[in-house]
Amino acid sequence: MQFSKWISLAVMASAASLLGSCSYGTLSEQDAVPAHDKILNTSVSASTDNIIVYIAPDAINGAAADGTPQASLRVKLEDALSEIGAVDIRRAIPYSAKFEKRHAEYGFDRLYEIVLPENSDIDEVARRLAEEDAVSAVQFNTRFHNPADRMSWSYTPGVMTKSAQELPFDDPSLADQWHYINKGDLAMSPAAKEGADINVKDAWKLCTGDPLVTVAVLDEAVQWDHPDLKDNMWVNGEEIPGNGVDDDRNGYVDDIYGINAVYGTGGLDWSVAGSSGHGTHVAGTVAAVNNNGTGVSGIAGGSGNSDGVKIMSCGIFHGFGGGDALTSSRAFIYAADNGADIAQCSFGYQGGVFSSDRMYETSSGGYYLTEINAMKYFMEHGGGNVVDGGIIIFASGNEAYGMAAYPGAYKGVISVSSVAIDGLPAYYTNYGPGCDISAPGGEYYTGGQSDERSAVLSTMPTEALTIYDENGNAAGQSAVNYGYMQGTSMACPHVSGIAALGMSYARKLGKHYSRDEFISLLLSSTNNLNSLLTGSKKTLVGSTIGDMSLAPYAGGMGTGTIDTWKLLMNIEGTPILTAIVGESQNLSLNEYFGGEASRLTYTSVEISGPDMESMGLKARPEIRYGKLHIEPTRTGSGKVTVTALVGGDSLDGTDAPAAIEVTRTISVIARNVRNNNGGWL
């Protein structure tokens with residue numbers, strides 16, 4: 001079952017003729033090229049409602065102050081527009097008095113959408129437009145289609161147990177979000193593994209979010225007034241609601257919570273026919289409001305004191321429409337212009353459509369495809385509060401294909417693969433080249449038992465939506481208020497939420513990073529998965545329950561499974577030790593106190609009561625034989641502060657040289673299994 005939106009696009013042999021060198025830069029001026037070389041891509045899976053053209057600079061010089069092309073543009077294209085029966089020609093990226101100069105540097109001022117009549121022959125349309133001197137390039141508006149099955153499962157809240165009452169927030173359904181805190185509940189799945197989660201519980205002691213960090217959700221529209229989301233929605237404070245005016249001059253009218261990128265308006269409609277609730281579900285994982293006594297928790301949803309990260313809704317799908325190169329480009333540009341730090345993207349091409357960055361970039365004359373240029377714009381102009389540039393996070397794809405799908409596989413973009421409640425790859429996940437990191441995405445059949453509780457629980461629209469299959473036939477209804485979904489679509493917002501929480505903690509500590517620095521911290525904050533990928537696991541294989549070999553996934557799940565605590569420790573600069581649950585062990589301190597650590601005199605070992613409780617320590621850690629002795633009884637995380645004397649045995653220098661006191665705070669993570677690399681599980 002697939003729950004992300006993946007485009008069905010065949011790789012055409014003719015694409016080979018489009019190969020050319022592309023520098024990673026802005027749209028540049030080109031010498032005149034033959035008409036057929038102006039067509040940048042193929043018409044496979046392209047919209048027949050519109051087509052994209054780049055207008056030559058001399059055709060729009062002297063544009064009016066409101067950004068509309070001078071009358072000569074229509075005159076110059078009059079014959080072609082008449083022959084193709086064009087309904088309209090308009091700027092693809094709305095004119096923005098605030099950002100026009102910056103947009104022009106990327107060629108967005110020359111990007112136009114031509115609206116076509118029904119049943120247009122778009123290949124003939126492209127050929128005719130390419131003949132015009134006023135047209136520099138033509139691009140088919142390739143669609144990202146909805147999947148055949150966008151199922152969600154209903155959620156029935158259980159009775160809050162004593163164990164649930166001991167959780168950090170009072171959200172009643174947090175206990176059922178195993179992907180946050182996995183206690184190995186075999187009722188959910190016979191293969192459930194304690195600790196196979198994102199390790200966020202103890203991280204929440206340090207930080208729960210920051211309202212100056214914004215995550216743009218490029219998806220279906222988010223239900224902005226959902227009781228568990230409304231307080232964490234991004235609000236455009238420079239726009240006056242409902243007055244029909246572009247108050248902030250960003251090119252969109254009444255864009256209060258984001259935009260409908262399909263129509264280029266501020267009207268967000270999460271319930272239009274053809275919607276599934278996907279965007280609302282994704283948003284809840286990132287930042288459902290925490291500690292409000294309602295529903296679920298979000299990774300960076302705050303503490304109940306209006307301190308969660310903000311969700312900006314960029315609707316690139318609208319019912320049966322949208323989900324194409326043009327709408328995603330509008331969304332990336334809007335998100336960058338309006339301060340989003342992270343772009344959360346659960347859509348893409350089908351795995352295998354593109355096999356390299358060069359193939360994805362390819363176009364005649366060195367032009368980027370629109371969506372690539374828009375992503376570059378977000379990476380360069382998004383963020384700024386914590387990271388110099390925007391972070392783009394994509395789902396890797398749900399085809400069980402041995403390579404991440406594009407755009408997620410593209411350079412500078414993070415692609416997320418999916419693990420199940422057993423901490424092992426989900427049967428549907430893409431893996432291999434281009435897959436950068438893994439996170440819980442849920443799996444309905446883990447351990448051979450079909451149970452929706454082993455999928456991911458999050459927010460859903462507050463009214464039932466009719467789900468349609470790919471043929472337009474009604475195929476059931478969505479979950480209401482809260483529900484389960486599975487897919488790399490669900491793994492992806494876990495990474496987006498953790499990245500947002502990391503940025504929040506960095507703000508708290510007064511730290512700032514380049515894009516490369518922050519991405520390095522994020523991708524290195526993982527638990528080792530590779531050593532577990534031997535043998536098989538029981539799950540859905542094809543259309544029946546069977547034993548899925550884990551060998552193909554070895555080396556293909558990125559840097560491992562993401563760990564929230566580790567990211568916060570990496571941001572702090574605090575070193576990490578991994579301990580085995582249920583074992584009495586002595587951990588070497590050489591990495592933290594030098595190669596002679598075992599010979600030093602240690603004067604104190606300190607740990608807080610909550611951190612002892614987190615790891616189930618019955619006795620305080622101590623130094624034995626120059627090593628840290630610890631015996632955790634459950635998975636958890638905490639900090640231990642160790643003080644040693646260097647250069648002597650005493651601080652008293654009366655009879656001998658005084659020692660120097662050295663203190664290090666070390667993070668300890670207790671997990672069920674430690675592999676040879678010191679990682680998890």
All ring-ring contact (aromatic ring centres under 6.0 Å, His included) counterparts of Y431, not counting sequence neighbours: Y553

Residues I311, V215; criterion side chain to side chain contact (heavy atoms under 4.5 Å, CB included); working and verdict: CA-CA 5 Å; I311 301 162; V215 179; 5.6 Å; no

Which heavy-atom pair separates [X] from [Y] by the least distance, and what is that distance?
X: Q350; Y: A405; result: C-CB, 4.2 Å
X: G277; Y: L465; result: N-CD1, 3.6 Å
X: C492; Y: I393; result: SG-O, 3.4 Å
X: S120; Y: V125; result: CB-CG2, 4.4 Å
X: S478; Y: E463; result: OG-O, 4.2 Å
X: H278; Y: E220; result: N-OE1, 3.3 Å

Contact check, side chains of [X] and [Y], non-hydrogen atoms, under 4.5 Å:
X: T265; Y: V253; answer: no
X: T327; Y: H318; answer: no
X: S313; Y: V217; answer: no
X: L40; Y: L369; answer: yes
X: C345; Y: F332; answer: yes

Looking only at side chains, do [X] and [Y] share a donor and an acceptor under 3.5 Å apart?
X: Y427; Y: Q486; result: yes
X: S396; Y: T488; result: no
X: N373; Y: E371; result: no

Chi angles and distances behind the side-chain hydrogen bond (donor to acceptor under 3.5 Å, both in side chains) call for S43, D123: CA-CA 7 Å; S43 61; D123 285 295; 3.0 Å; yes

N430 side chain to E399 backbone, donor-acceptor under 3.5 Å: yes

Whether T280 side chain and P461 backbone form a donor-acceptor pair below 3.5 Å: no

Salt bridge (charged side-chain N to carboxylate O under 4.0 Å, His left out) pairs, two or more places apart, involving residues 261-286: none

Salt bridge (charged side-chain N to carboxylate O under 4.0 Å, His left out) partners of residues 322-333, not counting sequence neighbours, each pair once: E113-R330

From CA spacing to verdict: side-chain hydrogen bond (donor to acceptor under 3.5 Å, both in side chains), N141, Q139: CA-CA 6 Å; N141 187 22; Q139 179 182 337; 5.9 Å; no

Y468 and F320 aromatic ring geometry - parallel, tilted or perpendicular at 30°/60° bounds: perpendicular

Salt bridge flag under 4.0 Å for residues E124 and R128: no

Basic-acidic side-chain contact under 4.0 Å: E132, K38: no

Derivation of the side chain to side chain contact (heavy atoms under 4.5 Å, CB included) call for V309 and M503: CA-CA 10 Å; V309 305; M503 289 184 185; over 6 Å; no

List the atom pairs, donor and acceptor, that lie under 3.5 Å between side-chain atoms in residues 333-341 and the rest of the protein, sequence neighbours left out.
residue: Y334; atom: OH; partner: D255; partner atom: OD2; Å: 2.7
residue: D337; atom: OD1; partner: R102; partner atom: NH2; Å: 2.7
residue: D337; atom: OD1; partner: Y377; partner atom: OH; Å: 2.5
residue: D337; atom: OD2; partner: H103; partner atom: NE2; Å: 2.7
residue: N338; atom: OD1; partner: N250; partner atom: ND2; Å: 3.3
residue: N338; atom: ND2; partner: Y334; partner atom: O; Å: 2.8
residue: D341; atom: OD2; partner: T214; partner atom: N; Å: 2.8

Pair E238-D247, side chain to side chain contact (heavy atoms under 4.5 Å, CB included): steps then yes or no: CA-CA 7 Å; E238 298 181 26; D247 300 289; 6.0 Å; no

Result block: side-chain N/O donor-acceptor pairs under 3.5 angstrom for residues 382-392, not counting sequence neighbours:
residue: N385; atom: ND2; partner: L212; partner atom: O; Å: 2.9
residue: D388; atom: OD1; partner: H512; partner atom: NE2; Å: 2.7

With sequence neighbours excluded, residues passing side-chain contact (heavy atoms from CB on, under 4.5 Å) with A134: A59, K76, L77

